[in-house]
S.K.: 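Provided herewith is a single structure, encoded as structure tokens, for subsequent inquiry.
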There are 2 protein chains.
Amino acid sequence: MADHAAKAALYDALAESAKALANGRRAELVDVLAQGERSVEELAAEIDQTLANTSQHLQRLLRSGLVQSRREGTRIYYSLASEVVGDLWRTMRRAAQEHVSGLEQLAADYLGDRSKLRTITRDVLRSRLRDGDVVVLDVRPEAEYAAGHIRGAISIPIHDLRSRLGDIPDGAEVVAYCRGPFCVFADEAVRMLSRKGISAARLEDGFPEWNQAHLPVARS
Amino acid sequence: MADHAAKAALYDALAESAKALANGRRAELVDVLAQGERSVEELAAEIDQTLANTSQHLQRLLRSGLVQSRREGTRIYYSLASEVVGDLWRTMRRAAQEHVSGLEQLAADYLGDRSKLRTITRDVLRSRLRDGDVVVLDVRPEAEYAAGHIRGAISIPIHDLRSRLGDIPDGAEVVAYCRGPFCVFADEAVRMLSRKGISAARLEDGFPEWNQAHLPVARS
DNA sequence: GCAATATTCAATGATTCACTTGAATAAAAC
DNA sequence: GTTTTATTCAAGTGAATCATTGAATATTGC
């Protein structure tokens with residue numbers, strides 16, 4: 001007959017991967033890292049935390065095995081350890097969306113009213129891409145676009161969008177996307193473009209989900 | 001520009017589903033509940049904990065929304081809130097298997113040496129089932145078999161196996177399965193059958209994975 | 001109504017966690 | 001070799017978590 005203590009220890013270890021994600025700041029870190037590797041300093045800015053605190057969260061993730069790090073000169077870059085970690089984050093997000101009460105309200109508080117925001121699904125965008133009657137706009141930071149983007153997309157980081165509206169081809173409809181369903185960049189882009197009289201919609205989720213669905217991507 | 005506090009609150013809420021699973025005892029509970037609904041008393045016995053402690057963990061899961069409960073007379077039955085929760089548990093387990101260091105050793109400590117244990121995959125079992133040259137043996141408790149099992153499987157709970165060896169048809173090879181990859185029941189069954197000279201192997205994972213893959217199942 | 005059973009509640013102490021602050025490293029630039 | 005920059009370490013504080021204990025509650029059967 002098997003030992004109770006050994007069973008407990010095994011399930012404790014299985015729960016380690018959940019513990020790693022069981023914190024809002026670490027969830028934010030994983031969400032950003034799902035776009036590609038980043039330095040500690042950049043990550044601290046992304047999650048609005050001190051360097052020391054961010055470093056400690058990253059080391060917790062490192063100890064859990066879900067992320068890895070490499071040194072390049074004076075900087076240390078962190079990245080997800082594998083595809084499975086992205087799967088875990090997305091599944092966790094989906095479970096929270098379906099079951100955590102109050103989440104819709106919190107999303108609305110952060111993202112604002114999305115009811116007037118036109119969104120399209122991956123499948124629709126895919127067929128529109130084949131028809132060629134759409135401009136796909138990646139509004140994430142340059143580095144994330146460089147690490148991987150929807151094939152055919154043009155890059156205009158959200159902070160440059162106002163001054164680079166001229167870069168968007170005339171006539172075609174724009175589909176903006178960013179990091180995922182809870183990323184504000186694409187929302188802001190669609191609102192700005194609509195105000196300027198440009199027809200725009202947002203992709204319902206972001207690049208990691210597109211990539212995970214094995215749809216056409218490009219790099220650099 | 002979006003508010004930092006609102007973003008933090010949103011990601012805190014997303015992390016709630018991870019927090020719910022971020023404990024070895026709750027992971028065990030979800031693993032058992034993935035087989036079907038159970039009463040508090042039964043669950044406490046499964047995870048070798050006091051009633052009070054088990055009840056508190058179940059209420060934590062309830063608050064997270066990942067499980068639901070219903071009263072029947074004096075008993076309260078808990079069950080997973082949806083398929084997504086099973087997905088979350090399996091994805092988490094996979095992430096831990098790939099990335100949590102020391103997990104293999106802990107599994108070996110609990111399960112013993114599996115190297116001499118023949119295992120077969122879902123796909124292989126599926127085609128062997130079509131050929132009809134295999135006896136599929138469900139060694140979970142009766143209630144779990146009743147809640148759902150591999151179509152064509154016979155039920156002999158592991159604790160009854162020794163006295164019911166006669167129920168196993170002669171000649172055919174046996175494939176035993178139970179709750180999942182870290183469940184000991186099927187291991188014990190295969191070892192016992194092998195000692196008795198009956199050719200036996202274990203399915204590499206359990207009923208929830210079979211069901212999730214939309215392979216043929218039956219109820220009652 | 002009263003006793004029995006299943007579950008939950010409430011209070012406790014030990015442990016871990018999240019964040020802050022200020023000091024310590026380690027590589028690169030001068 | 002000293003300074004600069006990016007990251008980590010170490011110590012401290014308040015809050016949350018976990019298992020334990022014993023009491024409280026709700027439903028059933030009498």
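The basis for the numbers below is simple: all heavy atoms, side chains too, and nothing from hydrogens, waters or symmetry mates. This is a predicted model, so every value here is computed, not measured. Sequence lines set the chain letters: A, B, ... in the order given, protein chains first and strands last, and positions in each chain run from 1.
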S.K.: To the nearest Å, how far apart are Arg71(A) CZ and dA6(D) P?
M.R.: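 Value for this atom pair: 12 Å.
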
S.K.: Evaluate the side-chain proximity of Ser69(A) to Leu62(A): yes if any heavy-atom separation is below 4.5 Å, no if none is.
M.R.: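 The answer is yes, as the side chains (C-beta and beyond) meet within the 4.5 Å cut-off.
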
S.K.: Sequence neighbours excluded and cut-off under 3.5 Å, please list the side-chain donor-acceptor pairs for residues 70-81 of chain B, or say none.
M.R.:
unit_1	atom_1	unit_2	atom_2	d
Arg70(B)	NE	Glu37(B)	OE1	3.1
Arg70(B)	NE	Glu37(B)	OE2	3.4
Arg70(B)	NH1	Glu72(B)	OE1	2.7
Arg70(B)	NH2	Glu37(B)	OE2	2.5
Arg70(B)	NH2	Glu72(B)	OE1	3.1
Arg71(B)	NE	Gly73(B)	O	3.2

S.K.: Can you name the ring pair (Phe, Tyr, Trp, His ring centres under 6.0 Å) partners of Tyr11(A), sequence neighbours left out?
M.R.: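 Testing Tyr11(A) for ring pair (Phe, Tyr, Trp, His ring centres under 6.0 Å), a comparison that skips the adjacent residues, returns none.
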
S.K.: Could you check Leu125(B), Leu137(B), Asn211(B) and say which one makes a side-chain contact (heavy atoms from CB on, under 4.5 Å) with Ile150(B)?
M.R.: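 When Leu125(B), Leu137(B), Asn211(B) are each tested with Ile150(B), the side-chain contact (heavy atoms from CB on, under 4.5 Å) holds only for Leu125(B).
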
S.K.: For the pair Glu98(A) and Ser82(B), evaluate side chain to side chain contact (heavy atoms under 4.5 Å, CB included) and give the outcome as yes or no after the intermediate values.
M.R.: CA-CA 9 Å; Glu98(A) 287 204 19; Ser82(B) 79; 3.9 Å; yes

S.K.: Between which nucleotides of DNA chain C, 5' to 3', does chain A make heavy-atom contacts below 4.0 Å?
M.R.: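 Using the under 4.0 Å cut-off, the span is dC17(C) to dA28(C).
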
S.K.: For Arg179(A) and Gly206(A), indicate whether the former's side chain and the latter's backbone hold a donor-acceptor pair under 3.5 Å.
M.R.: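 Flag not set: sc Arg179(A) to bb Gly206(A) has no pair under 3.5 Å.
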
S.K.: I'd like to know if the side chain of Thr91(B) and the backbone of Asp87(B) have a donor-acceptor N/O pair within less than 3.5 Å.
M.R.: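 Judged by distance alone, yes, a pair lies under 3.5 Å.
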
S.K.: Quick one: closest heavy-atom pair of Ala22(B) and Ala22(A), and the distance?
M.R.: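 That would be CB-CB, 3.8 Å.
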
S.K.: With a 4.0 Å cut-off on heavy atoms, is Ile76(A) in touch with a base, just the backbone sugar-phosphate, or nothing at all?
M.R.: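 Result for Ile76(A) = sugar-phosphate.
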
S.K.: Round to a whole Å and report the spacing from OH of Tyr77(A) to C1' of dT7(D).
M.R.: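 For the pair Tyr77(A) OH and dT7(D) C1', the rounded distance is 13 Å.
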
S.K.: The helix from dG1(C)-dC30(D) to dC30(C)-dG1(D): angle between its terminal axes, five pairs each, to 10°?
M.R.: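 Answer rounded to 10°: the end axes differ by 20°.
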
S.K.: Could you check whether Tyr78(B) gets within reach of a base, just the sugar-phosphate, or nothing at all, counting any heavy atom under 4.0 Å?
M.R.: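 Contact class for Tyr78(B): sugar-phosphate only.
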
S.K.: Please list, in numerical order, the residues of residues 35-46 of chain B that have a heavy atom closer than 4.0 Å to any atom of DNA chain C.
M.R.: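 Residues of residues 35-46 of chain B under 4.0 Å from DNA chain C: Ser39(B), Val40(B), Glu41(B).
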
S.K.: More than 12 foreign heavy atoms under 6.0 Å from CD of Glu104(B): is that the case here?
M.R.: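 Counting neighbours around CD of Glu104(B), 12 or fewer heavy atoms of other residues, nucleotides or ligands fall under 6.0 Å, so no.
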
S.K.: Looking only at non-hydrogen atoms, find the nearest pair between Leu111(B) and Val184(B) and report the distance.
M.R.: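 Taking Leu111(B) first and Val184(B) second, the nearest heavy atoms are CD2-CG1, 3.3 Å.
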
S.K.: Between Glu188(B) and Arg191(B), is there a salt bridge with N-O shorter than 4.0 Å?
M.R.: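 The answer is no: the pair does not qualify as a salt bridge.
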
S.K.: Quick test of your reading of the model: are Asp205(A) and Arg122(A) salt-bridged, counting only N-O distances below 4.0 Å?
M.R.: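 Salt bridge between Asp205(A) and Arg122(A), a charged N being under 4.0 Å from a carboxylate O: yes.
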
S.K.: Distances under 3.5 Å between protein N/O atoms and the N/O atoms of nucleotides 15-19 of chain D, please, pair by pair.
M.R.:
unit_1	atom_1	unit_2	atom_2	d
dT17(D)	OP1	Arg60(B)	NH2	2.9
dC18(D)	OP1	Asn23(B)	ND2	3.0
dC18(D)	OP1	Arg26(B)	NH2	3.4
dC18(D)	OP2	Arg26(B)	NH1	3.1
dA19(D)	OP2	Asn53(B)	ND2	3.3
dA19(D)	OP2	His57(B)	NE2	2.5
dA19(D)	O5'	Asn53(B)	ND2	3.4

S.K.: Under 4.0 Å between a side-chain N/O of Gln59(A) and OP1 or OP2 of dT7(D), yes or no?
M.R.: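 Negative; the distance criterion is not met.
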
S.K.: Do side-chain atoms of Glu42(A) reach the backbone of Ser39(A) as a donor and acceptor pair under 3.5 angstrom?
M.R.: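 Pair found, side chain donor or acceptor close to backbone of Ser39(A).
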
